[in-house]
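Throughout, residue positions are numbered sequentially from 1 according to the sequence presented. Atoms considered below: every heavy atom in the structure, side chains included; atoms not considered: hydrogens, waters and symmetry mates. Order of listing sets the numbers, starting from 1, for every ligand and every atom in it.
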Amino acid sequence: MATFESVGLCDWLIQQCKEMGINRPTPVQEKCIPAILEGRDCMGCAKTGSGKTAAFVLPVLQKLSDDPYGVFCLVLTPTRELAYQIAEQFRALGKPLGLKDCIIVGGMDMVTQGLELSRKPHVVVATPGRLADHIRSSDTINLKKIQFLILDEADRLLEQGCTDFTKDLEVILSVVPEKRQTLLFSATLTDTLHQLQSITMNKPFFWEQTSEMRTVEELDQRYILTPEKVKDAYLVHLIQKFQDEHADWSVIIFTNTCKNCQILTMMLREFNFPTITLHSMMKQRQRFANLAKFKSNVFKILVATDVAARGLDIPTVQVVINHNTPGLPKTYIHRVGRTARAGRNGVSITLVTQYDIHLVNAIEELIQAKLKEYPVVEKEVLKILTQVNVTRRQCEIKLEATDFDEKKNINKRKQMILEGKDPDLEEKRKHELDKMKRKEKFKGKTQEKHLKKKQQQQKT
Ligand SMILES: Nc1ncnc2c1ncn2[C@@H]1O[C@H](COP(=O)(O)OP(=O)(O)OP(=O)(O)O)[C@@H](O)[C@H]1O
């Protein structure tokens, strides 16, 4: 069995790991640490909660202690909360070095960040958008001598999703040296492999955990088939059950929109469940504060959008509930990976409507496992159905009375302007597109009707 000595770590780091309760390397650490210490680029693909962060933090710290100078390492990651979490790992493991780190994320003061950057931290952990803003607006940021560029959740950084990082990445890549070590990590690297390989320079060391299943064995993966209208009653029923039977468990509920997040939080609070929320329409300070309250167990239930789907490491999370079935199987892997971390057990329950069955099939194909039905006494759920739906409606009305939608609209327009688009023109385009889609749908339906009529006529 490998040890931290056998993978090449020096004594002070081994000691520091021990102090943190980390005694033996996990497989991703065992394979990737020696390659990184050798000076190779590295791509590591291992399941959620398998210790990928320490797989890059430890060798970087070792190299840094050999030759500490200037900005040594740049880590990019898709979310602000994750940036803080990674910086914490650097700080904890690098304590004996007196490591100086700097976190550059959106939603925080740019001037303070600029000052911190100018003090030459050893490690910069950043979200791409804000770091690119700093690079564009100032020539004092010097990343020309970094030795390591790390892309955590690398596939997310390179995919063109709703938050598209590719332009910001181009800006960042244009100011870092060509001669560097590039390290890419994620639980879902393989489908963006080609794109990722173009970022690494010298033939990277690639390691992927070989195992039939893409999710961890300690995770009990369940589903509940429910009509859309009964979903919330199931949710309240499940939360009540977990509260009654396992008072110390923490639960994350994932949902698809910020508004839904807000409404579900309000609704669960009406039922006196200690609930808190995390989504991208909140002020950044509030996001951090809510996450801290959830981590410290002050609130046991977190309702979040996919902003919390990747990377967050909260050991007390025993249950993940998907209030909506994720459209992308990859998102499912990351969401349910918030529980059953580092060898612990966990349960995930996905609420599935009759329209989502194809999504479940796609998920099962990717994870190479079948979800099992979660047993529920339906009678119990139906008992609370009316009360839950009335409460939800009341919460919707309450939220409509606030400026939530207006804020959302302003945020959307702000984002478009930042992306160099004209919000009015975009709105017009969207309107036209919707009109065309409606027309097509109508045409399809009429054709279908016509066909059915014809078939009936032929039968008679
Ligand atoms: N060798 C080890 N032994 C025991 N625990 C470890 C070891 N390495 C890391 N851990 C712990 O395992 C937990 C999960 O690690 P980490 O957050 O790095 O997972 P990950 O692989 O990056 O997951 P994700 O894909 O969800 O981001 C952390 O709490 C970390 O402290």
L61 versus W12, closest heavy-atom pair with distance = O-CZ2, 4.0 Å

message = Considering non-hydrogen atoms of the protein only, which is the closest contact for atom 23 (O) of ligand 1, and what is the distance?
response = G49 N, 2.8 Å

query = Taking both backbone and side-chain atoms of P25, is any N or O found less than 3.5 Å from an N or O belonging to ligand 1?
reply = no

task = For ligand 1, indicate whether the residue K52 contacts it via side chain, backbone, both or neither (heavy-atom separation under 4.0 Å).
result = both

message = Pairs of nitrogen or oxygen atoms closer than 3.5 Å, one from R24 and one from ligand 1: do any exist?
response = yes

key: Any donor-acceptor N/O pair, T275 side chain to F273 backbone, under 3.5 Å   = yes

message = To check you understand the geometry: which heavy-atom pair defines the closest contact between V7 and P25, and what is its length?
response = CG1-CG, 4.4 Å

inquiry  = Using a 3.5 Å cut-off on N or O atoms only, is N23 in polar contact with ligand 1?
reply    = no

key: Shortest protein contact, atom 17 (O) of ligand 1 (heavy atom only)   = R341 NH2, 3.0 Å

key: Flag side-chain contact, heavy atom, 4.5 Å: L82 against Q85   = yes

ask   = Do any nitrogen or oxygen atoms of S50 come within less than 3.5 Å of a nitrogen or oxygen of ligand 1?
value = yes

key: Protein contact to atom 8 (N) of ligand 1 [nearest heavy atom, distance to 0.1 Å]   = Q29 NE2, 2.8 Å

M20 near ligand 1 by a heavy-atom separation under 4.0 Å = no

inquiry  = Show me which atoms of ligand 1 lie under 4.0 Å from any heavy atom of R338.
reply    = 26 (O)

ask   = Can you list every salt bridge (Lys or Arg N to Asp or Glu O under 4.0 Å) pair that touches residues 266-280, not counting sequence neighbours?
value = E270-K398

query = Between A55, G51, A46, C17, which one has a non-hydrogen atom sitting closest to atom 15 (O) of ligand 1?
reply = G51

note = Contact region, R310 to ligand 1, non-hydrogen atoms below 4.0 Å, reads neither

ask   = Is the closest heavy-atom distance from H334 to ligand 1 below 4.0 Å?
value = no

inquiry  = Give me the residue, atom name and distance of the protein heavy atom closest to atom 11 (C) of ligand 1.
reply    = A342 CB, 4.3 Å

ask   = With a 3.5 Å cut-off and no angle check, do the side chains of T215 and Q221 form a donor-acceptor pair?
value = yes

ask   = Would you say ligand 1 has an N or O under 3.5 Å from any N or O of A187?
value = no

note = Of all protein heavy atoms, the one nearest atom 29 (O) of ligand 1 is D313 OD2, 2.5 Å

message = Does any part of the side chain of I14, heavy atoms only, come nearer than 4.5 Å to the side chain of K18, both counted from C-beta?
response = yes

request  = Give, for atom CE of M266 and atom OG1 of T391, the distance between the pair rounded to the nearest 0.5 Å.
outcome  = 11.5 Å

request  = Give the numbers and elements of all ligand 1 atoms closer than 4.0 Å to a heavy atom of K47.
outcome  = 21 (O)

key: Close-contact set for ligand 1 against E153 heavy atoms, below 4.0 Å   = 27 (O)

request  = Provide, to 0.1 Å, the distance between atom 31 (O) of ligand 1 and the closest protein heavy atom, together with that atom's residue and name.
outcome  = Q89 NE2, 4.0 Å

inquiry  = Between K231 and E228, is the salt bridge (Lys or Arg N to Asp or Glu O under 4.0 Å) condition met? List the steps.
reply    = CA-CA 5 Å; K231 251 186 184 182; E228 185 70 42; 3.6 Å; yes

task = Check the pair N290, T277 against side chain to side chain donor-acceptor pair (under 3.5 Å), reporting the backbone distance first and the verdict last.
result = CA-CA 7 Å; N290 283 9; T277 189; 5.9 Å; no

key: Distance-only donor-acceptor check, side chains Q240 and D244, under 3.5 Å   = yes

key: Minimum-distance protein heavy atom relative to atom 6 (C) of ligand 1   = I22 CG1, 4.1 Å

inquiry  = Between K330 and E159, does any side-chain N to carboxylate O distance fall below 4.0 Å?
reply    = yes

For residues 145-154, please give each side-chain donor-acceptor pair under 3.5 Å, one per line with the distance, not counting sequence neighbours.
from	atom 1	to	atom 2	distance (Å)
Q147	NE2	Y69	OH	2.7
E153	OE1	R310	NH1	2.7

message = Just to confirm my output: which protein heavy-atom neighbour is closest to atom 22 (O) of ligand 1, and how far is it?
response = T53 OG1, 3.4 Å

